[in-house]
Q: 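Take this structure, written in structure tokens, and hold onto it; I'll ask about it next.
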Amino acid sequence: MLEFQNQILTDLVEQDALLVMSPGLGLFKIFSSFLELYAKGNHFVLVLNTDQAQDMAIIEKQTAMGLSPQERMQIVAAETHAETRNAMYRKGGVFSVTSRILAVDLLLERVPTALISGIVVYNAHRVRPDSMEELILRIYRKGNEQGFIKAMSDQPEAFTTGFAPLENTLKILQLRKVHLWPRFQVLVSDNLAKASAEVVELRQPMTDKMDLIQKSLVECMEATLAEVRRQNSMVDVQDFTIENSFFKSFDMIVRRQLDPIWHRVSPLTKQLVGDLATLRKLLSYLTMYDPVSFYYQIEVVIASNTSKESPTMRQSQWLFLDAADTAISNARKRVFLRRNDPEYATARGPTLSEGRSQIRIVPEELPKWNLLHDILQEIEHDMPQGGAPVLIMVNGARTCSQLRQYISGMNQDQDDELKPMLRRLIQWFFSLRKSIHQIQQEEETKPTTQTTSPSQSKRGTVPPNKRRRVRGGSVAAAAAAASSRPTLAEEFQTNVEETVDLLNEPVSQEKEDEIALGDDDLLPEFTPVSPESIVSIHTYENDFDEDLLEQVQPKFIIMYDPNPAFIRRVEVYRATHPERNIRVYFMLYENSVEEQNYLSLIRKEKEAFERLIREKSIMAIPMPQKATPHQDAFARAVSTRVAGGQLAIKGPPAVIVDMREFRSSLPPILYAEGLKIIPCTLQVGDYILSPNMCVERKSIADLISSFSSGRLYTQCENMCLHYQTPILLIEFDENKSFSLQSLSDMKSNVTMSDLSSKLVLLTLTFPKVKVIWSSSPHETAAVFDELKKTEEEPDVEKAALIGAESTDDVNNAYNMTPQDILRSLPGVTSKNYKVLMNAVDNLQELFGLSQDEIKKLIGEEPARKLHTFIHHKAGQ
């Protein structure tokens with residue numbers, strides 16, 4: 001490890017703190033080294049927020065170090081039984097546990113909290129208020145004030161959004177210190193400057209057509225963004241800039257601003273927000289994808305805006321701009337030319353014609369392909385006598401596959417007008433267009449079930465060529481002015497019909513080399529390939545790129561796509577091994593959005609660290625909040641408002657929570673409000689507030705799906721059967737509007753399929769069910785607290801038995817996710833699903849049963865419904 005990495009590790013061991021580093025400086029290596037310190041000895045350490053790949057990488061490292069299975073980090077997942085987890089916790093060690101499982105185990109006291117040495121929170125930027133991680137740290141710090149808490153992250157930008165983000169994050173993590181290590185820190189700069197690699201920066205100009213497409217798409221984004229700002233003047237649009245719109249985080253910025261007023265946002269604005277995401281993807285595809293794949297993506301966007309079933313559907317407005325026409329036509333010209341194109345006569349390429357349709361195939365190579373060819377030739381010329389490993393780094397698996405094909409066919413004889421890879425892409429593209437053409441013909445030949453007169457067919461629809469005078473140059477004005485053009489559906493269908501004739505003369509496929517072997521023949525010998533003669537192509541994988549450099553030990557590195565974090569990883573690798581000479585080729589499209597994104601990433605990271613340094617200097621240090629439950633219990637006990645002072649209260653009020661509810665943010669909020677949370681597998685309801693009061697909580701999305709599947713009817717029926725006060729709680733997101741339907745979704749005629757109609761029918765069917773509307777989970781916690789003031793405390797054992805067929809169902813070992821899937825199937829009810837679970841081991845075995853076998857278990861009609869659903873094929 002380098003000097004600054006050892007210093008970070010030393011500071012982390014000495015005191016509890018949040019560590020924020022620049023990406024690429026070796027956070028995963030520091031994290032692994034920290035866990036190694038507690039691998040041996042009598043320690044009990046819990047690791048949170050790691051994914052499966054990171055867990056496996058840590059275990060592989062510990063295995064390579066020679067640690068025994070007991071000393072390695074152990075993974076506790078959903079498949080691990082509760083009794084097994086309890087035994088593992090008692091033995092001690094280092095455990096990687098999912099947050100939901102650990103929260104339940106802590107609440108049920110399966111984890112000896114006082115014996116925990118500490119908790120390590122990796123990817124601390126993912127921790128949010130009212131999350132399971134916050135609940136875990138609250139319970140841990142309440143029962144153990146001596147153990148450590150360490151948090152780590154290499155995403156500084158995540159701590160700069162919102163009000164006092166760093167201070168709030170420290171409160172969630174129960175920490176008071178923060179360590180900031182940017183790239184410009186003095187010790188980091190000195191360590192990395194001692195051994196710098198040879199860097200060759202290559203700025204490749206884009207082709208003229210690519211440049212035109214990029215300018216056109218940026219112009220469409222600017223027009224769309226201006227329209228969003230114009231239509232939403234009441235929103236803070238300071239961050240609605242064209243530079244921010246190049247990043248995925250821009251979608252979150254827009255939604256965060258518009259969510260509180262989403263019910264008042266017009267349908268046009270909602271569509272414009274989606275169009276911005278589409279345009280950003282097309283801009284990234286321009287430099288990532290080959291010309292054929294890019295034009296296919298353009299056609300997908302056009303096809304999604306040409307719905308014949310909904311003639312009144314609003315089309316994306318940017319498609320009507322002149323800039324969009326320029327982008328679409330130039331994207332097509334990068335693949336094929338039509339006879340009326342000016343470049344048709346001078347272009348070279350195979351020509352295909354039949355009838356009036358004639359096109360010339362002219363697929364354009366990406367400029368970086370030729371540049372990569374030149375780089376590899378230079379490396380081959382400068383390579384030492386014994387050879388040297390070459391590493392090519394790209395962004396995605398698609399680019400990785402294409403470069404592999406390109407490099408493998410680079411030295412083949414190119415007698416044909418088209419290169420093999422481009423020929424394969426062209427054949428794939430036009431075969432796909434032929435399939436689309438066949439689907440269109442099938443749709444046109446389908447007999448219509450009813451005939452209407454021309455006057456009737458136009459009633460209630462928008463006239464196709466209705467023109468009106470529009471002022472202004474906005475996106476909406478451009479759309480109205482372009483109404484005299486052919487519809488997108490007509491243009492798309494004509495384009496497909498004109499080029500579908502290519503497959504009438506199929507391109508001959510390449511003959512692959514074949515080795516003729518007999519039945520019992522084996523190759524005479526296997527010759528190992530030396531690492532020095534291998535050209536490796538890999539995608540960026542963040543934490544695992546450090547191990548990749550150590551395994552490959554490349555002498556030449558080609559960064560096909562720019563990545564600031566990987567540049568730092570190369571710097572750290574070069575500083576760690578100063579004896580190894582490395583040459584890095586850095587490829588970048590000049591004056592492109594790719595270059596702009598790269599520079600913006602570096603600038604945003606620098607600004608994020610500057611903001612964090614400033615906030616660290618002025619923020620109020622969060623003090624540990626110690627609850628005073630005895631004072632609160634005394635105040636409740638002497639209050640005459642609580643049953644006239646006659647109700648005896650013992651301890652904090654308790655709420656029984658179903659295990660499946662730990663996917664939501666309500667249990668952490670209830671615990672923070674002073675309520676005692678008791679996890680339990682409930683057969684009826686989600687929350688039990690008292691022996692007579694049961695609550696079924698539904699978010700808006702869950703409410704809609706429950707109405708569609710009929711599950712809510714069964715749930716209300718069971719609550720009315722077993723509880724005196726059944727409650728249906730409809731909970732909204734606190735960041736969104738407190739309205740069931742937006743104004744734009746309301747209809748003049750209410751039908752039986754509307755959500756409001758279903759709610760009315762539910763209340764009429766079950767008049768005993770009380771409906772509570774909650775604007776947020778915090779409001780739900782306040783409602784629960786008020787409801788419990790005059791109620792007795794619930795009994796966990798009785799609540800678990802309600803709805804269960806036997807006492808064996810209380811502590812069963814069933815996996816809840818397959819059980820939820822089973823209960824949602826047609827023919828499966830709350831009365832017969834236990835029979836199916838006892839008869840089969842898993843869903844696969846259930847799906848293999850015949851209808852007669854299912855009939856013996858649950859009856860004739862339920863068996864028919866279930867068997868029909870299982871064996872029904874889509875499209876029939």
Side-chain angles (χ1 to χ4, degrees), residues 204-218 220-221 245-248 275-304 318-319 324 326-337 361-373 392-410 418-433 436 492 495 499 537-540 558-563 587-598:
Q204 173 65 42
M206 295 191 297
T207 63
D208 295 337
K209 292 186 178 65
M210 291 178 68
D211 195 38
L212 275 173
I213 294 171
Q214 177 179 271
K215 290 179 180 177
S216 301
L217 292 177
V218 171
C220 292
M221 290 190 74
S245 64
F246 293 154
F247 297 93
K248 288 183 179 180
D275 291 343
L276 285 172
T278 301
L279 288 166
R280 186 191 66 247
K281 290 178 182 177
L282 289 177
L283 271 173
S284 63
Y285 293 161
L286 178 63
T287 54
M288 288 172 54
Y289 287 4
D290 58 89
V292 180
S293 301
F294 176 74
Y295 183 55
Y296 170 70
Q297 295 295 331
I298 291 278
E299 287 200 335
V300 168
V301 174
I302 296 175
S304 64
W318 66 271
L319 287 169
T326 304
I328 294 171
S329 61
N330 280 279
R332 175 184 57 79
K333 291 177 182 179
R334 295 177 70 204
V335 181
F336 64 89
L337 297 172
I361 308 299
V362 285
E364 180 182 79
E365 289 191 26
L366 281 177
K368 276 190 177 181
W369 290 354
N370 294 323
L371 181 60
L372 178 64
H373 180 269
I392 303 176
M393 300 299 298
V394 299
N395 266 336
R398 185 191 188 96
T399 308
C400 184
S401 175
Q402 285 197 344
L403 289 186
R404 181 182 59 81
Q405 296 178 26
Y406 178 79
I407 293 174
S408 61
M410 198 167 56
L418 295 179
K419 290 188 176 180
M421 188 177 71
L422 291 175
R423 190 187 306 121
R424 282 193 295 269
L425 288 170
I426 288 290
Q427 188 173 6
W428 163 80
F429 175 69
F430 284 108
S431 63
L432 193 63
R433 292 173 71 91
I436 295 174
F492 182 62
N495 197 3
T499 57
I537 308 176
H538 290 272
T539 58
Y540 296 113
I558 303 175
M559 295 183 63
Y560 186 84
D561 297 313
N563 187 303
M587 301 171 65
L588 193 69
Y589 279 115
E590 191 175 14
N591 298 324
S592 65
V593 173
E594 182 184 65
E595 181 183 18
Q596 177 68 27
N597 287 347
Y598 171 72

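Note that the coordinates shown come from a computational prediction; the quantities given were computed from them, not determined experimentally. Count residues from 1 along the sequence.
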Q: Could you check if a side-chain atom of Met559 sits within less than 4.5 angstrom of a side-chain atom of Tyr540, using non-hydrogen atoms only?
A: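 Result yes, sub-4.5 Å side-chain heavy-atom pair found.
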Q: Do you know the tightest heavy-atom contact between Cys400 and His538?
A: SG-N, 4.5 Å
Q: Taking Ser401 for its side chain and Ala397 for its backbone only, find out whether a donor-acceptor pair lies under 3.5 Å.
A: no
Q: So how far is it from Ile537 CD1 to Leu372 CG, rounded to the nearest 0.5 Å?
A: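 Atom-to-atom, Ile537:CD1 and Leu372:CG are 8.0 Å apart.
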Q: Compare every heavy atom of Ala327 with every heavy atom of Ser216, then report the nearest pair and how far apart it is.
A: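 Heavy atoms only, the tightest pair is CB-CB, 3.8 Å.
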Q: Identify which one of Glu595, Met587, Glu594, Met393 satisfies the side-chain contact (heavy atoms from CB on, under 4.5 Å) criterion when paired with Pro562.
A: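 Of Glu595, Met587, Glu594, Met393, side-chain contact (heavy atoms from CB on, under 4.5 Å) with Pro562 is met by Glu594 alone.
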Q: Show your working on side chain to side chain contact (heavy atoms under 4.5 Å, CB included) between Tyr289 and Leu366 and close with a plain yes or no.
A: CA-CA 8 Å; Tyr289 287 4; Leu366 281 177; over 6 Å; no
Q: Compare every heavy atom of Leu279 with every heavy atom of Met221, then report the nearest pair and how far apart it is.
A: CG-CB, 3.5 Å
Q: Do Val593 and Leu286 have side chains that approach each other closer than 4.5 Å (heavy atoms only, starting at C-beta)?
A: no
Q: From Glu590 CD over to Asp211 CG, what is the distance, rounded to the nearest 0.5 angstrom?
A: 10.5 Å
Q: When you compare the side chain of Lys209 with that of Pro291, does any pair of heavy atoms fall below 4.5 Å?
A: no
Q: Does any part of the side chain of Gln297, heavy atoms only, come nearer than 4.5 Å to the side chain of Lys281, both counted from C-beta?
A: no
Q: Which pair of heavy atoms, one from Val335 and one from Val292, lies closest together, and at what distance?
A: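 Shortest heavy-atom contact: CG2-CA, 3.9 Å.
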Q: Tell me whether Lys368 contacts the main-chain N or O of Tyr560 through its side chain, where contact means a donor paired with an acceptor under 3.5 Å.
A: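 The answer is yes, because a donor-acceptor pair under 3.5 Å joins these two groups.
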Q: Do Tyr406 and Asp290 have side-chain heavy atoms sitting under 4.5 Å apart?
A: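 The answer is no, as the side chains (C-beta and beyond) never meet within the 4.5 Å cut-off.
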Q: Do we get Arg334 above Tyr295's six-membered ring, with its NZ or CZ under 6.0 Å from the centre and within 45° of the axis?
A: no
Q: Can you tell me how far the CE atom of Met288 sits from the OG atom of Ser293, to the nearest 0.5 Å?
A: 10.5 Å
Q: Has the side chain of Gln214 got a donor or acceptor atom that lies under 3.5 Å from a matching backbone atom of Asn591?
A: yes
Q: Answer whether the closest heavy-atom distance between the side chains of Ile213 and Leu282 falls below 4.5 Å.
A: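 Answer no - side chains too far apart.
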Q: With side chain to side chain contact (heavy atoms under 4.5 Å, CB included) as the criterion, how do Phe294 and Ile298 come out once you've worked through the C-alpha distance, each side chain's angles and the decisive distance to 0.1 Å?
A: CA-CA 6 Å; Phe294 176 74; Ile298 291 278; 4.1 Å; yes
Q: Does atom OH of Tyr296 have more than 12 heavy-atom neighbours, drawn from other residues, nucleotides or ligands, at distances under 6.0 Å?
A: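 Not buried by this count: 12 neighbours or fewer within 6.0 Å.
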Q: Roughly how far, to the nearest 0.5 Å, is NZ of Lys333 from CG of Asp208?
A: 12.0 Å
Q: Does any part of the side chain of Pro363, heavy atoms only, come nearer than 4.5 Å to the side chain of Leu425, both counted from C-beta?
A: no
Q: Check whether Asp561 reaches the backbone of Asn395 with its side chain - one donor and one acceptor, N or O, closer than 3.5 Å.
A: yes
Q: Say you draw a straight line from CD1 of Ile407 to NE2 of His373; how long is it, rounded to the nearest 0.5 Å?
A: 10.0 Å
Q: Any idea which heavy atoms bring Pro367 and Pro205 closest together, and the distance?
A: CB-O, 3.8 Å
Q: I would like to know whether Glu299 and Phe429 meet side chain to side chain contact (heavy atoms under 4.5 Å, CB included); could you show each step before the answer?
A: CA-CA 11 Å; Glu299 287 200 335; Phe429 175 69; 4.0 Å; yes
Q: State the OG1-CZ distance between Thr539 and Arg398, to the nearest 0.5 angstrom.
A: 15.0 Å
Q: Run Leu217 and Tyr285 through side chain to side chain contact (heavy atoms under 4.5 Å, CB included) and show every step you take.
A: CA-CA 12 Å; Leu217 292 177; Tyr285 293 161; over 6 Å; no
